[in-house]
Amino acid sequence: MENSLLERDAELTAVAQAGASAVAGDGRWLLLRGTTGMGLTSCVTEAVRHARANGMRVAHARGCPQEADFPFGVLRQLFPEADTLPFACSPPAEERQRIFHGLTDELAAHGPALLVVEAAQHADEASFRWLRYLTRRLGRLPVLLLLSGSPSLDIDGLPGATGQEMSLAPLSDPAVAQLAAARGHGPETARLCAHASAGSPKLLHALLADLSDGPAPLGLDDLTGSRYRDAMTRWLAGDSLPGRRETALALALVLAPGPVPHPDVPFLAGMTGLPLGRQAEILREGPSLERLLSHPLAREAVLAGAADTELGPLRLRAARQLYERGANAAAVAAQLAHLPRIGEAWMPLALEQAADQALREGSPDRAVQLLRRAVGGPLTADHRTSLVCRLGSLELFRSAEAGTRRIQRELQHAAGPDRLTVASALSGALVACGHIDPALRVLREVGERSQDSRLIQTAKVVAAGIAIHDPQQWRYAVEELRTLARDAPASLEPLVCGLLTAYDAGVGSLSAHRAVARVRARLGAPVDPLLRTGWLGTAASLLQWADRLDEARALTLRGLPDQPELPDLTDVGQQFLVGARATASLWGGYFQQVIDEYEPVLHASLDRGVQFPHLLSTLSLAHFELGHRDTAWQLFSRAGADSPHDAWPWDDLLCTRARLYAAEGRWQEALDDYRACGIRMLHRNFHSPVAQPWRSGAAHALVALGRPAEAVALADEELRYARSWGTPRVVGRALHARARAVGGRRGLETLTEAVGLLRASPAVVELTEALLDLGRAQIEMGRARKGRETLREAYRTAQRPTPEHPPLPRLVRAAEQALALVDARAVRRTPNGVGSLTEAERRIVDLAARGLTNAQIGASLHLARRTVETHLTHAYRKLGVTRRAQLTARLLTAQPHWPDPVRN
């Protein structure tokens, strides 16, 4: 069977049987219904071929809507030589009877005949009367009357005894697959064809003709020709089912954006303007338009044949109905996005809701497009201010310059409280780009131009949160805050107190206990909306410094958007919150969590003019702890730390680079960065080690460089400030550094104290590092069993085999290496030689080989002279030497294995 007649066996069999009956003198009629493209023409053509093969005479006519008012128009096509047909619309009854009888007698006189009337729904009324007249007399005539038309064709009075009605159904999916396979296409393409044709043979064959041999197409551009698109246009423009084209366009528009409320009959009628009954009829008849337009290829083909002027009203009506029905915001915005203007008050609201949804789904670029349309609509002044600031924040991630300029333009038009809102957003954007002085200047100008004392006070507090970046401005801001604190309004007081608390903590005049008490006393207090995130960020930082890491992270959730939505970089408070949250996770040992949460933020902001040094350093350390040293260095290299700004986040970069240098044994470079960080922090009067332990880091570097006396001085200074703050992390960290610098038995005692403190803190990294050094020290002091137990504890601490506490990969490997080294040394240690020296003996031998006297060695290591002499006596015996002059040569030739402790 020809492809065009696939699955038309029932219809063709009925035609053949009716034809055979007519040839035998028992006439029949057959009515075939189907929409355009469903194969009616192919069935009629096959009927004509079969009739002629059986010796039947064929007469053919086609209804035409333009000639539906011409009386007897169809009969003139069937009987072109008849001269009895009048041109009057309604001839007298007796004349009409004479005409009908004469035509019927003519059929009987000329033998078997096939009369075909296509598009019968457009036949004129006079011809319809004769066709009904004929069907009642077919039983004695050798005639087959074949009528075809649209599903709406309904001819009253056809006698069931002499004929039947049939409707052509869409091709089934197996039939479509068969036709696709015949063209060499696989199952995936066959499924596409089934959906994109809805079983219409006309659409299917056009689509098959356009398909290439490659993968299934995703759009019209992937087809090799325009046959499918043109067939769709002709199919919709066909006159067999009026209103179908408008319905198809409406469905294509509302189904394209994604999930929408079911486009029911009233909804579609509201778009197309069709009566409800007619709209329902179109959806029932022919191939399923909903199934057809569920495929994007079909939707694209439908819309390709329509002009924007035609689609605009449909989109507007669709958007309004979707919005009123509470549809998905993205579906509403998809219609509004194509309108020439946003002219109604509800439209910006709908676009803003869609932008919110796009942000929640992690599509900031889409949100930018929507908000750009929204700000062009009718808005109140405060609503416009809010939208422009949001848009500027998002545009910072695309182009810092573009986002900043947008907010600057808005500041020129803002007035009253809105002016401070815009100024705060602009200053936040400038801070995000590293421009601290301009950010402060913007806020200062707003305050100077205002007569509102409350607004002036608020501007000063906002500026103080930014001034923390600049050492000189920060000192002035603190003095202003102290003055303001005396009579600050209730809604400003929490942030004023928080900033002063942060300053006092940095100076070293405040304990963690008192800082936490101040924070907790104000967490429930009302806060000015403009200062809310700044207060939360300051409070979270203080809690983080106080090792209330879970509380700090929980607090950040109150001020940051849910992921994957990006933070608002025009909000300095959110910038602080990002830093506090990332650092709290880092200090808790949740390194992968830091990467998962904030690497997308970093990559969205880098290379676009936004500077995020604190986040860069935090992510670098997270990768470092996970063993990704190359990635850590690559991230760090993008920060430009060789020319740091005055802003405090650049202190983090210097400390981070120092840690990376130390891990590679580049101790002098580590020391230089630690000291540079310290100079910067002291310049802003920040002495406490709560944020950056630069002194203890420098002390470790000095010990490695053989300068323990300098290391002790730095460690003691940090310890003094650490005890003032009072948390186990900072005290234990300082004690660890001092223990390394002092060495010997006193160092072992100090290190033991440090471990005891750190066990009571969430400082898992610091604890593991201290345990590793304690284990090594115990072994060097001859307490091998105790040292092994301590190293095993370090391994267990770093391993942390629970979902809530993921392992610490770098420290796990360090513990494994330390344990393996202990076992190896136990095997190969000999009674004599460098390998048998304890760590204390090795220190003293090194200094003695450099020419220091026993008294100088004792002063350097804080040991009694008698202790130095005892260690030297033991060392001489192990090394096989009798005087100092032999030490240098012996050490150079021995080449023992002296493992350096793994440093952060």
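All values derive from a computational prediction rather than experimental measurement. The residues of the chain are indexed from 1 along the displayed sequence.
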*asked:* Going by side chain to side chain donor-acceptor pair (under 3.5 Å), name the residues that satisfy it together with Ser585, two or more places apart in sequence or in a different chain.
replied: Arg553, Gln593

*Side-chain donor-acceptor pair under 3.5 Å between Thr790 and Gln778, yes or no?*
yes

*Distance (rounded to the nearest 0.5 Å) between Trp633 CH2 and Glu664 CD*: 5.5 Å

*Ion pair check, Arg675 and Glu710, cut-off under 4.0 Å*: yes

_Distance in Å, Ser620 OG paired with Gln634 CD, rounded so as to fall on 0.5 Å steps_ = 10.0 Å

*side chain to side chain donor-acceptor pair (under 3.5 Å) partners for Thr570, two or more places apart*: Asp568

*asked:* For a salt bridge (charged side-chain N to carboxylate O under 4.0 Å, His left out) check, start with the C-alpha distance between Arg360 and Glu565, then their side-chain angles and the critical distance, and finish with the verdict.
replied: CA-CA 5 Å; Arg360 290 192 298 271; Glu565 185 175 346; over 6 Å; no

_Spatial distance of atom CD1 (Ile779) from atom CE (Met781) [nearest 0.5 Å]_ = 13.0 Å

_On a heavy-atom basis, which atom in Leu394 and which in Ala367 lie closest, and how many Å separate them?_
CD1-CB, 3.9 Å

*Is Glu789 salt-bridged to Arg785, cutoff N-O under 4.0 Å?*
no

*Donor + acceptor pair across side chains of His736, Thr750 (<3.5 Å)*: no

*Going by an N to O cut-off under 4.0 Å, is there a salt bridge joining Arg759 and Glu793?*
yes

*asked:* Using the side chain to side chain contact (heavy atoms under 4.5 Å, CB included) definition, which of the options Ile679, Leu714, Asp673, Leu654 pairs with Trp694?
replied: Leu714

*Take atom CZ of Arg783 as the centre, draw a 6.0 Å sphere, and report whether it contains more than 12 heavy atoms from other residues, nucleotides or ligands.*
no

*Side chains of His435 and Asp437: do they bring a donor and an acceptor to under 3.5 Å?*
no

*Assign the ring pair Trp725 / Trp545 to parallel, tilted or perpendicular, where the plane angle (0 to 90°) is split at 30° and 60°.*
perpendicular

*Output the distance between atom CG (Leu735) and atom CD (Glu753), rounded to the nearest 0.5 Å.*
4.5 Å

*Taking all atoms of both residues into account, what is the closest heavy-atom pair of Leu861 and Ile844, and its distance?*
CD1-CG1, 3.8 Å

*Decide, yes or no, whether a salt bridge links Glu395 with Arg390 under the criterion of side-chain N to carboxylate O below 4.0 Å.*
no

*Can you check whether Tyr674 and Trp667 have ring centres sitting under 6.0 Å from each other?*
no

*Mind checking the CZ-CG spacing from Arg680 to Leu682? Nearest 0.5 Å is all I need.*
12.0 Å

*asked:* Main chain of Gly589, side chain of Arg800: is a donor-acceptor contact present, judged purely on distance under 3.5 Å?
replied: yes

*Regarding His623 and Glu599, is there a side-chain donor-to-acceptor distance under 3.5 Å anywhere?*
yes

*Do Asp365 and Gln369 meet the criterion of a side-chain donor-acceptor pair at a distance under 3.5 Å?*
no

*asked:* We want to know whether Gln668 and Asp672 form a side-chain donor-acceptor pair, criterion being a heavy-atom distance below 3.5 angstrom.
replied: yes

*On the ring face of Phe636, is Arg659 found with NZ or CZ under 6.0 Å from the centre and within 45° of the axis?*
no

*For Asp547 and Ser761, does a side-chain donor sit closer than 3.5 Å to a side-chain acceptor?*
no

*Ignoring hydrogens and angles, tell me if any N or O in the side chain of Arg398 forms a donor-acceptor pair with the backbone of Ser605 under 3.5 Å.*
no

